[in-house]
There are 2 protein chains.
Amino acid sequence: MKHDPKKHDSDCMIAYGVDTFGDRWSLLVLRDMMLYGKRRYNEFLASNEQIATNVLATRLKHLECEGIISKERDPENRRSFVYSLTEKGVALAPVIIEIMRWSSSHMKVNARRRKLLDRIDNDREGILADIRAQTPIMPPPPPRAAL
Amino acid sequence: MKHDPKKHDSDCMIAYGVDTFGDRWSLLVLRDMMLYGKRRYNEFLASNEQIATNVLATRLKHLECEGIISKERDPENRRSFVYSLTEKGVALAPVIIEIMRWSSSHMKVNARRRKLLDRIDNDREGILADIRAQTPIMPPPPPRAAL
DNA sequence: ATTTATGCTTGCAAAAAGCAAGTGAAAACG
DNA sequence: CGTTTTCACTTGCTTTTTGCAAGCATAAAT
């Protein structure tokens, strides 16, 4: 399934980005793919932020539509699908990296994060290669306590 | 006016960014400040994207609340206010830059944009200094034709 | 004194997100 | 083979956010 990408109503580089991934959820899905190597619907659903099933479906369709991710059947399990970053999606890694860098200056940085930030400074190429290869670059966060 | 920043419900660097500037308008306001040197309410309103007055007011309050921008009375015109980027706001420049870089690979790049992108590659420090000084780094886009 | 500029606020409509439940097809289980 | 479970959604409804048009308050200009 592949629709026409929607027309962006403003001829501006920032507006293009906002239209493409600037909603409440798209960047979190991309984070799951780039940092944690997630590739399946139920993996995205399991994130700490608790996205609703219908919203996730809509976002995945939109990202696919925009050419950021692609969707294929899992060859090993015919009822499952695997989502992957396209080249256009992998190219978003520097945006994710700069957001992490910025946020890290304004929140507590634990050991997991410190390690990743150090690697961003010292092995940027390696990180980009891992993202391209869909290798996780950070251990997943502990699941938040159930209510 | 300065409220407590709102509590972010996920302990994640990307979620922090999304909570802070990840809505449909904040990045466009920051673009107006960083690229075009805009500093006033009616300048933001005049952007091509047509933000509603109440939404702009809400976004400015939120950004101020998060410590990204500050608001002062214009000393020369007592009914006007001037918004400025704080250090925390200036620190977002690399995010804006990477979004522009990414978008430029996926849309037509005209001469204005080409020039800025070249300067990003060759004079990054100069750009960051201009953003800090609130000097425009790009000519404003032509206003879109009225309907 | 009246009009205009500036930066909003208010009230209501429309769109998007959130929640709970249900669906359909493939796989696993007995 | 029949039933249950898994997986990836969809549907219907409520709540929240966004968008639009109008109005308002204060300062400045005429």
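Numbered from 1 within each chain, the chains take letters A, B, ... in sequence-line order. All values derive from a computational prediction rather than experimental measurement.
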Undergrad: Looking at K88(B) and E66(B), would you say the former's side chain and the latter's main chain have a donor-acceptor pair under 3.5 Å?
TA: yes
Undergrad: Any side-chain N or O of K61(A) under 4.0 Å from OP1/OP2 of dT10(D)?
TA: yes
Undergrad: Report yes if a side-chain nitrogen or oxygen of W25(B) is closer than 4.0 Å to either non-bridging phosphate oxygen (OP1 or OP2) of dT17(D); otherwise report no.
TA: no
Undergrad: Toward the 5' end of DNA chain D, which comes first, R24(A) or E43(A), by nearest nucleotide?
TA: E43(A)
Undergrad: Looking at dA8(D), I'd like to know if its phosphate oxygens (OP1 or OP2) sit under 4.0 Å from a side-chain N or O belonging to S80(A).
TA: yes
Undergrad: Starting at atom CG of D23(B), determine the distance to atom P of dT18(D), rounded to an integer number of angstrom.
TA: 6 Å
Undergrad: Tell me if a side-chain donor or acceptor on W25(B) pairs with a main-chain N or O of A52(B) at a distance below 3.5 Å.
TA: no
Undergrad: How many Å lie between CD1 on I51(B) and P on dT17(D), as a whole number?
TA: 16 Å
Undergrad: Give Y83(A) one of three labels, base, sugar-phosphate or nothing, depending on what nucleic acid heavy atoms sit under 4.0 Å from its own.
TA: sugar-phosphate
Undergrad: Toward the 5' end of DNA chain C, which comes first, N42(B) or A52(A), by nearest nucleotide?
TA: N42(B)
Undergrad: Could you tell me the separation between the CZ atom of R39(A) and the P atom of dC7(D), rounded to a whole number of Å?
TA: 17 Å
Undergrad: Please work out which of the three classes, parallel, tilted or perpendicular, describes the rings of W102(A) and F21(B), given edges at 30° and 60°.
TA: perpendicular
Undergrad: If you count every heavy atom of other residues, nucleotides or ligands that lies below 6.0 Å from R132(B) atom CZ, does the total exceed 12?
TA: no
Undergrad: Can you give me the bend angle of the helix from dA1(C)-dT30(D) to dG30(C)-dC1(D)? Use the axis through the first five pairs and the one through the last five, nearest 10 degrees.
TA: 10°
Undergrad: Give a yes or no answer on whether the side chain of N122(B) reaches the backbone of D118(B) with a donor-acceptor pair at less than 3.5 Å.
TA: yes
Undergrad: As a test of reading the structure: which of dT9(C), dC9(D), dA17(C) is closest to the side chain of V55(A), going by heavy atoms?
TA: dA17(C)
Undergrad: Using the salt bridge (Lys or Arg N to Asp or Glu O under 4.0 Å) rule, take R40(A) and D74(A) through it: C-alpha gap first, then chi angles, then the decisive distance, then the call.
TA: CA-CA 10 Å; R40(A) 279 158 217 279; D74(A) 182 350; 2.9 Å; yes
Undergrad: Classify the side-chain pair S47(A)/K38(A) by whether it contains a donor and acceptor separated by less than 3.5 Å.
TA: yes
Undergrad: Spell out protein contact along nucleotides 20-30 of chain C as letters: B when the base is contacted, S when just the sugar-phosphate is, - when no protein heavy atom is under 4.0 Å; keep the 5' to 3' order.
TA: BB----BS---
Undergrad: Verify the neighbour count for atom CZ of R78(B): are there more than 12 heavy atoms of other residues, nucleotides or ligands below 6.0 Å?
TA: no
Undergrad: Using whole Å, report how far CG of L56(A) lies from P of dT10(D).
TA: 11 Å
Undergrad: I need the CD-C1' distance between Q50(A) and dG18(C), as an integer number of Å.
TA: 12 Å
Undergrad: Rounded to the nearest angstrom, tell me the gap between atom CD1 in I69(A) and atom C1' in dA8(D).
TA: 14 Å
Undergrad: Using the six-membered ring of Y83(B), assess whether NZ or CZ of K71(B) lies under 6.0 Å from its centre and within 45 degrees of the ring axis.
TA: no
Undergrad: Roughly, in whole Å, what's the span from CG in L60(B) to C1' in dT6(C)?
TA: 14 Å
Undergrad: Could you give the CG-to-P distance, from L45(A) to dA17(C), as a whole number of Å?
TA: 16 Å
Undergrad: Give a yes or no answer on whether the side chain of S104(A) reaches the backbone of R101(A) with a donor-acceptor pair at less than 3.5 Å.
TA: yes
